[in-house]
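Structure record follows, encoded as structure tokens.
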Number of protein chains: 2
Amino acid sequence: MNWLTDVNERARQRIEEISRLPVYRDRHLTLLTDLYQLTMMYGHFREGRHEERVVFDLFYRQNPCGNGYAITAGLEQVVWYLYNLRFSDADLAYLRSLNMFSDEFLQYLKNFTFHGDVYAIPEGTVVFPNEPLLRVEGPIVEVQLIESAILSFINHQSLIATKARRIVEAARTNDGHEDNPVIEMGLRRAQNVDASVFGARAAIIGGCVSTSNLMAAESYHLPVAGTQGHSWIQSFPSELEAFEAYASAFPDDTVLLVDTYDVLRSGVPNAIRVGLRLKEEGHTLKGIRIDSGDLAYLSKRARKMLDAAGLTETKIIASSDLDEYTIRDLVTQGAEIDSWGVGTNLITSIDCPALGCVYKLVAQEVNHVLEPRIKVSENPSKITNPGRKKVLRLYVDDHAVADLIALVDETYDPSEPLELFDPIHTYKRKVIQNYRVEELLVPVFQGGTLVYELPELPEIQARVEVQVEYFGSEIRRHLKPHGYHVDLSQPLWDLKQKLLHQWRGRRVAQSK
Amino acid sequence: MNWLTDVNERARQRIEEISRLPVYRDRHLTLLTDLYQLTMMYGHFREGRHEERVVFDLFYRQNPCGNGYAITAGLEQVVWYLYNLRFSDADLAYLRSLNMFSDEFLQYLKNFTFHGDVYAIPEGTVVFPNEPLLRVEGPIVEVQLIESAILSFINHQSLIATKARRIVEAARTNDGHEDNPVIEMGLRRAQNVDASVFGARAAIIGGCVSTSNLMAAESYHLPVAGTQGHSWIQSFPSELEAFEAYASAFPDDTVLLVDTYDVLRSGVPNAIRVGLRLKEEGHTLKGIRIDSGDLAYLSKRARKMLDAAGLTETKIIASSDLDEYTIRDLVTQGAEIDSWGVGTNLITSIDCPALGCVYKLVAQEVNHVLEPRIKVSENPSKITNPGRKKVLRLYVDDHAVADLIALVDETYDPSEPLELFDPIHTYKRKVIQNYRVEELLVPVFQGGTLVYELPELPEIQARVEVQVEYFGSEIRRHLKPHGYHVDLSQPLWDLKQKLLHQWRGRRVAQSK
């Protein structure tokens, strides 16, 4: 077995393994698409141009939640989807029932699989507006069909990973508290099943340490967290009895919810009683959880009470409508909180519940030659970058200084100085030298064959930690971050200008 | 077969049919729960109290999106989930791997099914804060396990149904345009697969006429809508050729996207050319779609051009970041738009992406007697209403005048005058007479047996149209709607006061 087939075989084994996860198992999503993808596919088929090759870029135009960057996530789901993409008999029967498509076309779909090439920025990468996160190349019908589903996967998971990152970083400003873990616990407010499970996955990528969602934890071997609800406490004759019963069941893993009656007058004193008994028996009360009230005041008082009782190892966990702003404020006020349970605001990305990735035609084969395409808009920020492109990240002294979107066949010699310029205000220029280049897009599918071995989740999570360190604090600020330079190469900029002028001429011609 | 078994048999057949839908088929969601549900279940099991009966209410505290009410949705998903609730061998193996639970408990879960009673407000009902949308009664372990999943289903679908309703009503203010349909097309921005499919379902409940999402359309037999994307137009040498090719494929179902180059100078004139050719051939150009630019100006100009060419039957469809506010503004400005395609803002409920339904213990069996329970909070609006309750809607002259939350065993004689009072400002009182009472909660499960035949989606959609008419325009206003009266019955109010006073005493006792 040569090296290449070995890589492909490992990639295949990994995706087969992933396909058996509870979140994917037995699911069939080929019809998870917009009708217009099918009507366009049929139109191309009728015109006999369905095998014509095209190139599409998937990218977003604005960072989510006012952040200075986004974290990529969702590629695993894209790979699973493309790897398993087939029209079942039931799919075809449904399409036939619409009375829109010819038998020939339905027959053609019967043997449909994905034959294209996919290049993608790996999950857990810091990315910026207008950078292709995926470049998809292949027959126009195939590249078109997949648009809606892959956008949904990437939009959702990248959004939640980015939101989670903001929350995790807010918690880490609490320097006195070593790790300041954030726990994802949003299942009940998630926008249905997949939002909760893939949302938990994305939250882990963003830096959360665990989830309360058992299905997500099972699927991704995640640490799983949970204590009691208020109903547990209420269902016992007294709070102390409720605490005792729970501690007996989980002597080494008990976190007591202390706000059912009165945090400082009842909850914490009762927790201390239980904690001292556990201590006598050789166990440690793991923590208390405060789910309401003024978390700064209550946590500081509770910390003093626990410490005075000798329960210095017992942690304080806070929950209750937390987000990055509340957490940072609490930390600034010296709240004695060791870990944070975050629900609704994380799992829905409440202040920005959609990332606006789009998927645009950038090149098309005409007479066996790939021609660049541009989409023009009245709004200049919506004009696309044409052609087959790559994304280069330029580092000087291990610090990312700029990203350069370039055409795939461009080469750079890092020993030569490189002049970068702002693509809009072109007088703004900067020369860098002795830089290092990283190419962000990596091959994932080639001619329909999976050539990328999907990493395990801890690897992706670790990647984020490394990635963010390449960027200065001014870019990582949560409010009004400084913009990072994403420039176009001179050849790409020239091509774009040329096509804009051609388009201008064509628009006049169309209007005649 | 007697009447009752006949009803149950039809209910069973219907849920079996629903379980075969693509959205449900082969899915297994028993572990879609928070770990703490399992730890509490295990705690109750260890205490030997797992069969003790409890009653939980599912309700929300604030209407979503500033609306004056919410529309219920998601019950079908709840029924499907409860009907199929079993621990598989894989589930049990995973739980065993956590090393938290005893073998006896895992053995017990092996035979676990739902034995409880569920009362629910049917889907497509207008509801208000604090009203139990579901009342669940049964053994504490069963009622606890299901909390997270059913909250997610009801929260998500009710949210989207309500948001859809706002958008649909905004479109209908356009009186000159008979039906003013709204099309759901948010798949690519949905928070993953289920959010798109169940979101499309909820959008239909709220009043949307169709969806672009094929998987949703297949599952729920929905009208499905779609035209072309810009990539279709761009992939042809000219806009006219692109239009011609599409019209040849779908002569009776062509909507042409006219904003790729220039709406008024290229798109509309080319669409008219194609429309006139179709007309000659006995077909009708169904519509044009404008996806960017000033939709009011462009639609008015386009309407004139189409009419002047004799294409008066060709509709104008608008899309482009629409929501209820933009639609209403466009309508006010006299935009000539016949139908609206709404994506991101609907499918994510962008300005309020979570409905905050909670699930609270309201009664518990102690020595075979059901005792009411109350959850007290520092925040008075978070104090629960105790006991087994029903929701009565009171109508005078077919106009809903107030809802009354009452204890299940209360009876009302509508021929007698009834004094209602505000539960906070109790001096605010009103006497109604000659009223009609509707009980909103209906039995769905009894002793684990499904006794409710789930309605078809068109029936639910039609229910909404009837429901909203019972309420005055002041309650249906989108901005600062008038609050609808949701009162407590005198017996419930008295019980609540009694328990609050008892709680006060207990709190003092706990703190000793």
Side-chain angles (χ1 to χ4, degrees), chain A residues 26 29 31-36 39-40 42-43 46-47 94 148 151-152 155-156 187-196 198 212 214-215 218 224-232 234-235 239 245-246 249 261-262 265-266 292-293 344 348 350 353-354 361 364 373 375 377-378 507 510-511, chain B residues 26 29 31-36 39-40 42-43 46-47 94 148 151-152 155-156 187-196 198 212 214-215 218 224-232 234-235 239 245-246 249 261-262 265-266 292-293 344 348 350 353-354 361 364 373 375 377-378 507 510-511:
Chain A
D26 296 322
L29 301 184
L31 289 192
L32 187 77
T33 191
D34 290 301
L35 174 67
Y36 86 169
T39 60
M40 288 190 278
Y42 179 52
R46 283 185 83 247
E47 299 286 314
Y94 173 67
S148 318
L151 278 171
S152 164
N155 273 328
H156 173 240
L187 164 54
R188 65 192 58 196
R189 303 286 166 80
Q191 294 196 350
N192 229 303
V193 186
D194 293 314
S196 79
F198 292 111
S212 66
L214 269 178
M215 190 170 163
E218 183 195 12
V224 58
T227 60
Q228 325 93 49
H230 293 109
S231 65
W232 170 268
Q234 283 181 278
S235 76
E239 189 181 54
Y246 196 89
Y261 299 104
D262 186 308
R265 290 197 287 173
S266 168
S292 60
T344 313
T348 64
I350 200 154
L361 177 72
Q364 181 179 15
R373 288 283 179 268
K375 167 78 183 76
S377 167
E378 286 296 308
R507 175 174 163 173
Q510 294 283 349
S511 312
Chain B
D26 295 323
L29 301 185
L31 289 193
L32 187 78
T33 190
D34 290 301
L35 173 67
Y36 85 170
T39 60
M40 287 190 277
Y42 179 53
R46 283 185 84 247
E47 299 285 315
Y94 173 68
S148 317
L151 278 171
S152 164
N155 274 328
H156 172 239
L187 164 53
R188 65 192 58 196
R189 303 286 166 79
Q191 294 196 350
N192 229 303
V193 186
D194 292 315
S196 78
F198 292 111
S212 66
L214 269 179
M215 189 169 164
E218 183 195 13
V224 58
T227 59
Q228 325 92 48
H230 293 109
S231 65
W232 170 267
Q234 282 181 277
S235 75
E239 189 181 54
Y246 196 89
Y261 299 103
D262 186 308
R265 290 196 287 173
S266 168
S292 60
T344 314
T348 64
I350 200 153
L361 178 72
Q364 181 179 16
R373 289 282 180 268
K375 167 79 182 77
S377 167
E378 286 296 308
R507 175 175 164 173
Q510 294 285 348
S511 313

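The sequence lines fix the lettering, A, B, ..., with proteins before strands; numbering per chain opens at 1.
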Stepwise side-chain contact (heavy atoms from CB on, under 4.5 Å) test for B/Arg188 and A/Asp34: CA-CA 9 Å; B/Arg188 65 192 58 196; A/Asp34 290 301; 3.3 Å; yes
Proximal component of A/Ser196, with respect to chain B [non-hydrogen, under 4.5 Å]: side chain
Choice from B/Pro353, B/Gly226, B/Gly43 maximising heavy atom contacts with chain A below 4.5 Å: B/Pro353
For chain A, the option from B/Ser377, B/Gly293, B/Ala195, B/Ser292 that forms the most heavy-atom pairs under 4.5 Å: B/Ala195
Among B/His230, B/Met215, B/Lys375, B/His156, residue most engaged with chain A (heavy-atom pairs, under 4.5 Å): B/His156
Engaged part of A/Ser148 at the chain B interface, taking heavy atoms whose separation is under 4.5 Å: both
Segment of B/Thr39 engaging chain A (4.5 angstrom heavy-atom cut-off): both
Atom pair CZ/CD of A/Arg373 and B/Gln234 - distance to nearest 0.5 Å: 8.0 Å
Portion of A/Glu218 that has a non-hydrogen atom of chain B nearer than 4.5 angstrom: both
Per-residue contact mode, A/Gln228 against chain B (heavy atom under 4.5 angstrom): both
Contacting moiety of A/Asn155, where chain B heavy atoms sit under 4.5 Å: side chain
Least distance between heavy atoms, A/Ser152 atom then B/Asn192 atom: OG-CA, 3.6 Å
Residue pair B/Asp194 / A/Phe198, side-chain heavy-atom distance below 4.5 Å: no
4.5 Å side-chain heavy-atom contact, B/Tyr36 and A/Leu214: no
Residue among B/Leu187, B/Thr344, B/Leu361 with most heavy-atom pairs under 4.5 Å to chain A: B/Leu187
